[in-house]
Amino acid sequence: MKTVVCYINQFFAGIGGEEKAYQEPYIQEGCVGPVQAIQAALEDAQVTHTLVCGDNYMGSDTEKAVARILELLEGHVPDLFIAGPAFQAGRYGLACGTICQAVQEKFSIPALTSMHPENPGVEMFRQKVIIFQGGKGAVKMRADVQTMIRFANKLLSGQPNEGAEAEGYFPRGCRHEKFLEDKRENTAAYRGVQMLIRKMHGQPYRTELAIPAPEQVPIAPAVSDLSHAVVAMVTSGGIVPSDNPDRIQSASATRWGRYDISGMERLEAGVFKTIHAGFDPTAANADPNVVVPLDAMRAYEKEGKIGRLHPYFYSTVGTGTTEAEARRMAQEIIPHLVADGVTAVILGST
Amino acid sequence: MKLKIGSFPVEQVRFGEVDGYQDGILTIQKEAALAYLRECDDHITELDIIIANPGDDTRIVPVIETIEPRCRTDGRTLFPGVTGPVASAGEGELKALRGCCVTVVGKYWGSFGDGVIDMGGEGARHTHWSKLINICLVGDTDEEFERHEQQKCNHALRWAGHRFAEYLGKIVRELEPLQLEEYDFTPVSEKARQNNGLPNVALVLQPQSQMEIPGYNDLWYGWDLNKFLPTFVSPTEVMDGAMISGSFMPASSKWSTYEMQNFPTIRELFAEDGKHLNFVGVILSMLNVAMDQKERAAMMVVNLAKNLGVDYAIVTEEGYGNPDADYVRCQAVLEQAGIGVVGISNECTGRDGFSQPLMTLDSRLNALVSTGNVSELNHLPPCKTVIGNLEALNRDGMSGSWGYDDKLGKSAREDGSVIMEDNNWFCGDHISGLSLKTMAEF
């Protein structure tokens, strides 16, 4: 019988939530928590062990966590490794992606996981790991496990992979040929002419090779009258109040914060700092105004060069953050700006 | 221009005392055919005809060319400028033996552009040829200058194949066909007068022309396409033997002469002509290697299209790699000129599938048909019969096989099993439009 080892986090292992997020990895025989659903769906394979690790431990001490997990797996190397499902949980998604990739590379066995499309783990690992498209939360556990294990059963019994779309996992940028049924409608000639006809009529068609469009945002026109402009400051430089109240991630951010600066002349060191992991923070921590230039903007405000400064600044971290996440965060920030009549934004990068 | 093709379905090919065709059975007087072909070209030193049927446990390698046996009822040579003097093509009547092909095979030696056909087993699905009765013309020549060259013109054997196709076609010259196909190509100005409101569509063909030295490239009325500039031609000319295939290009990306005679994308455009579109004809371009040649060809294609009032186009290339530059550029400038395009070609995504699919990319290309991946690895069991020489896979620099690989070993093993890339299937990606393959994310 084929063997499977599963990976879950502290929450799904039932040992605790945030307070147990620094749990070090351990291995246990048999199924733990949702792994029972995985076992039930497997046709001819046995889950021999379940690995458990706290999300924060994996996120903050990744190298150590991975090394320990690989060590725990020695002697129990299965035919297939399954992590998650991670749903929309960002840290769990990153953990699942990280460990799947490591297990694949170390033991040359397939590894599968499942995540919601907005989980940052998707963008980070989709090219390296087979990630099934999953639901937002644990309410989708049954469905997500079914989809993933349908493929696992195929893989374990040597049946052919029907491709990312048919199986339900995120495209990896891995393109192979596929044979179609032998009939005229499937010939390249017929497909080409019919695609052209649909294109002519503005009807939907599907290119068989999608060429990624380089997305370009046009540069905004100049602000004609700055003296009446309401200016806001937005940054991907990770400047936050020192206790990082919104717990914005240091990399691959999915969260952003909005911080009141009314009555402040400048951002004081010690009160604000950067949590950005992608650049040397020394200068920004010594003077946060180098990233969010509140001091200079206040001066312009006094001089009448700008109308007024919007009373909040907005912050997230840009490093490793996917385009999709960045777009979503912008869309969440924009209504706040519009509500206050902001007419110009300074985007402080790093 | 009106081209009629009378069809004679072939269900069985056998050797006999007299050439003949009756009730789907084609009989060939073998010795007479061989004597004729030897007499036409004294460079041929060995020649044989071997029949391979669909489903046979047979591997054919190195395959040089496939051709549909046909003749012109008016006596004009089948391939003007090749098998006889230059003469006009595109109008008149052909008779064609359907369901079979002349398959030209090197008895001992192969070259870069030669390929493999498996008639049965797993390998059969990789080519259209496994569905046809292959009338294999297997031979050797005294073309010593290229015996050990990776690139071969294969002139004597290729020309023998074209002559043989006509020789066989003539067997039915006086007979009544079972079916008659008609391709009636209305002149562009006449189409404009009819003003039926349908969009004008042209097919842009990019046949193989990369070799600078004559003798390897596709020919147009016998003219080497390397010394050519984009020209407007009738689709019926292509189908009537004006163009023959060359010897250069990895096998799976080639269009054989059989595919040119039956050009599937031309046939599908004819099928829609007057219904959803006006098929205004073929813009025949080429695939030369220098950047200015590529740019000149693209510009001329676009200007021809504009001046013909073309609204939409299909672009297809005979090749991959360097030719992708022509394929992508031509489509991009057509789109830029407001002419909507569909492209048909194969991809090269590597054995692991992660490589960039075309050599260059342009986001203006938004409608592409993919016909296969040249670099897929094939593990093939031995076949009972080999027509040709399996050793060519190891020795002769065929594009999808090798004589040494420290991990995979050599391509053709002692037991007759084979490991090779898709590159080696003869016209396997059937870019001409026969392909039943697509590409998908895995």
Side-chain angles (χ1 to χ4, degrees), chain A residues 104 110 126-133 151 154-155 160-216, chain B residues 125-126 131 198-199 201 263-269 271-272 275-277 311-314 316 328 340-347 349-350 352-355 357-358 361-374 376 422 429-442:
Chain A
Q104 265 175 189
R126 63 191 289 172
Q127 290 192 332
K128 298 285 176 198
V129 174
I130 289 187
I131 306 173
F132 283 84
Q133 184 156 340
F151 181 74
K154 276 188 174 181
L155 209 60
N161 175 349
E162 300 293 320
E165 193 185 331
E167 304 290 359
Y169 62 85
F170 294 99
R172 297 182 296 158
C174 174
R175 295 174 64 76
H176 285 290
E177 65 187 23
K178 189 170 181 172
F179 285 83
L180 305 171
E181 192 196 330
D182 187 353
K183 56 178 182 182
R184 177 188 163 201
E185 290 76 12
N186 283 338
T187 61
Y190 189 90
R191 275 141 59 197
V193 172
Q194 297 307 314
M195 191 187 288
L196 188 73
I197 290 170
R198 285 191 290 275
K199 185 169 173 172
M200 278 173 189
H201 295 309
Q203 292 164 349
Y205 62 87
R206 211 168 152 192
T207 182
E208 295 176 19
L209 169 56
I211 305 223
E215 205 176 329
Q216 285 183 332
Chain B
R125 66 178 181 160
H126 281 274
K131 298 179 205 168
L198 296 172
V201 173
F263 216 103
T265 305
I266 290 181
R267 284 173 166 228
E268 291 296 347
L269 283 167
E272 292 292 349
K275 292 178 194 159
H276 287 102
L277 52 86
D311 302 304
Y312 292 91
I314 291 181
T316 185
V328 170
V341 184
V342 165
I344 304 176
S345 191
N346 58 358
E347 298 182 23
T349 60
D352 65 2
F354 283 100
S355 291
L358 297 170
L361 298 176
D362 190 305
S363 58
R364 285 171 284 198
L365 276 59
N366 55 30
L368 297 167
V369 171
S370 286
T371 66
N373 172 23
V374 300
E376 301 285 345
D422 263 18
D429 285 339
H430 291 301
I431 297 170
S432 66
L434 286 169
S435 177
L436 289 163
K437 293 190 290 184
T438 185
M439 293 289 286
E441 285 276 355
F442 281 89

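To find a chain, count down the sequence lines: A is the first, B the second, and so on, and within it residues start at 1. Because the structure is predicted, anything quoted here is derived from the model rather than measured. For the numbers below, each heavy atom of this structure counts, side chains included, while hydrogens, waters and symmetry mates do not.
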> Please determine, among B:Thr316, B:Thr349, B:Leu361, the option with the most heavy-atom pairs under 4.5 Å with chain A.
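Result: the option with the highest number of such pairs is B:Thr349.
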
> At a heavy-atom distance under 4.5 Å, which candidate from B:Val342, B:Leu368, B:Thr265 has the highest pair count against chain A?
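Sorted descending by pairs with chain A, the first entry is B:Leu368.
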
> Do you know which of B:Leu358, B:Asp429, B:Asp311, B:Val341 has the most heavy-atom pairs under 4.5 Å to chain A?
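Among the listed options, the one with the most contacts to chain A is B:Val341.
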
> Go through the atoms of B:Arg364 and report whether side chain, backbone, both or neither lie under 4.5 Å from a heavy atom of chain A.
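Contact with chain A is absent: no heavy atom of B:Arg364 under 4.5 Å.
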
> Report the option among B:Gly353, B:Gly372, B:Ser432 that has the most heavy-atom pairs separated by less than 4.5 Å from atoms of chain A.
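Most pairs with chain A among the choices: B:Gly353.
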
> Applying side-chain contact (heavy atoms from CB on, under 4.5 Å) to A:Glu167 and B:Phe442, what does each step give before you reach the verdict?
CA-CA 9 Å; A:Glu167 304 290 359; B:Phe442 281 89; over 6 Å; no

> Nearest heavy-atom pair of A:Cys174 and B:Glu441: which atoms, and what distance?
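Where A:Cys174 meets B:Glu441 most closely, the heavy atoms are N-OE1, 3.1 Å.
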
> Side chains of B:Val369 and A:Tyr190: does their closest heavy-atom pair fall under 4.5 Å?
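Result no, sub-4.5 Å side-chain heavy-atom pair not found.
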
> Would you check if B:Leu436 and A:Asn186 make a side-chain contact, meaning some heavy-atom pair closer than 4.5 Å?
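Yes, close enough: below the 4.5 Å cut-off.
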
> Is any side-chain heavy atom of A:Arg172 less than 4.5 Å from a side-chain heavy atom of B:Phe354?
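In short, these two side chains touch, coming nearer than 4.5 Å.
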
> Which atom names give the shortest non-hydrogen contact between B:Tyr312 and A:Lys199, and what distance separates them?
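Taking every non-hydrogen atom into account, OH-O, 4.4 Å.
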
> Could you pull out the closest heavy-atom pair between B:Ser435 and A:Arg191, with the gap in Å?
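What the structure gives for the nearest pair is O-NH1, 3.4 Å.
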
> Report which part of A:Ile197 has an atom under 4.5 Å of a heavy atom belonging to chain B: side chain, backbone, both, or neither.
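The side chain, not the backbone.
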
> Taking the side chain as every heavy atom from C-beta outward, state whether A:Glu208 and B:Met439 have any pair of such atoms under 4.5 Å apart.
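Counting from C-beta outward, A:Glu208 and B:Met439 never come under 4.5 Å.
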
> Using a 4.5 angstrom heavy-atom cutoff, name the option from B:Ile266, B:Ile431, B:Ile314 with the most pairs to chain A.
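Among B:Ile266, B:Ile431, B:Ile314, the one with the most close pairs to chain A is B:Ile314.
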
> Does any backbone or side-chain atom of B:Asp422 lie under 4.5 Å from a heavy atom of chain A? Answer side chain, backbone, both or neither.
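B:Asp422 touches chain A through side-chain heavy atoms alone.
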
> Between A:Glu162, A:Arg198, A:Lys183, who has the most heavy-atom pairs with chain B when the cutoff is under 4.5 Å?
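Heavy-atom pairs under 4.5 Å are most numerous for A:Glu162.
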
> Just how far is it from atom NZ of A:Lys178 to atom NZ of B:Lys437, taken to the nearest 0.5 Å?
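Spacing of NZ (A:Lys178) from NZ (B:Lys437) equals 14.5 Å.
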
> For atom NZ of A:Lys128, is the number of surrounding heavy atoms from other residues, nucleotides or ligands below 6.0 Å larger than 12?
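At most 12 heavy atoms, drawn from other residues, nucleotides or ligands, come within 6.0 Å of this atom.
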
> Testing the 3.5 Å rule here: is there a donor-acceptor pair between the side chains of B:Glu272 and A:Gln194?
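The answer is yes; a qualifying pair exists.
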
> Name the region of B:Leu434, side chain, backbone, both or neither, that has any atom closer than 4.5 Å to a heavy atom of chain A.
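Backbone only.
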
> Write down the atom of B:Pro357, the atom of A:Leu209, and the distance for their closest heavy-atom approach.
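Shortest heavy-atom separation between B:Pro357 and A:Leu209 comes out as CG-CD1, 3.5 Å.
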
> With rounding to the nearest 0.5 Å, note down the distance linking CG in B:Leu269 to CG in A:Leu196.
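Rounded to the nearest 0.5 Å, the CG-CG separation comes out at 7.5 Å.
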
> Which atoms of A:Tyr169 are under 4.5 Å from chain B, going by heavy atoms: the side chain, the backbone, both sets, or neither?
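Side chain of A:Tyr169 only, per the 4.5 Å heavy-atom cut-off to chain B.
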
> Could you tell me which of A:Gln127, A:Arg184, A:Glu165 has the largest number of non-hydrogen atom pairs under 4.5 Å with chain B?
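Winner by heavy-atom pair count: A:Arg184.
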
> Of the listed residues (B:Pro264, B:Ser370, B:Ser355, B:Gly340), which shares the most heavy-atom pairs with chain A below a 4.5 Å separation?
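Between B:Pro264, B:Ser370, B:Ser355, B:Gly340, the count favours B:Ser370.
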
> Got a second to check how far B:Glu347's CD is from A:His176's NE2, nearest 0.5 Å?
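So the CD of B:Glu347 and the NE2 of A:His176 are separated by 11.5 Å.
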
> Within the side chain of A:Glu177, is there an N or O that forms a donor-acceptor pair under 3.5 Å with the backbone of B:Thr438?
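No.
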
> Is there a side-chain contact between B:His276 and A:Met200 in this structure, where contact means two heavy atoms from C-beta onward sitting under 4.5 Å apart?
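Result no, sub-4.5 Å side-chain heavy-atom pair not found.
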
> Please classify the contact of B:Ala313 with chain A as side chain, backbone, both or neither, using a heavy-atom distance under 4.5 Å.
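Just the backbone, heavy atoms under 4.5 Å.
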
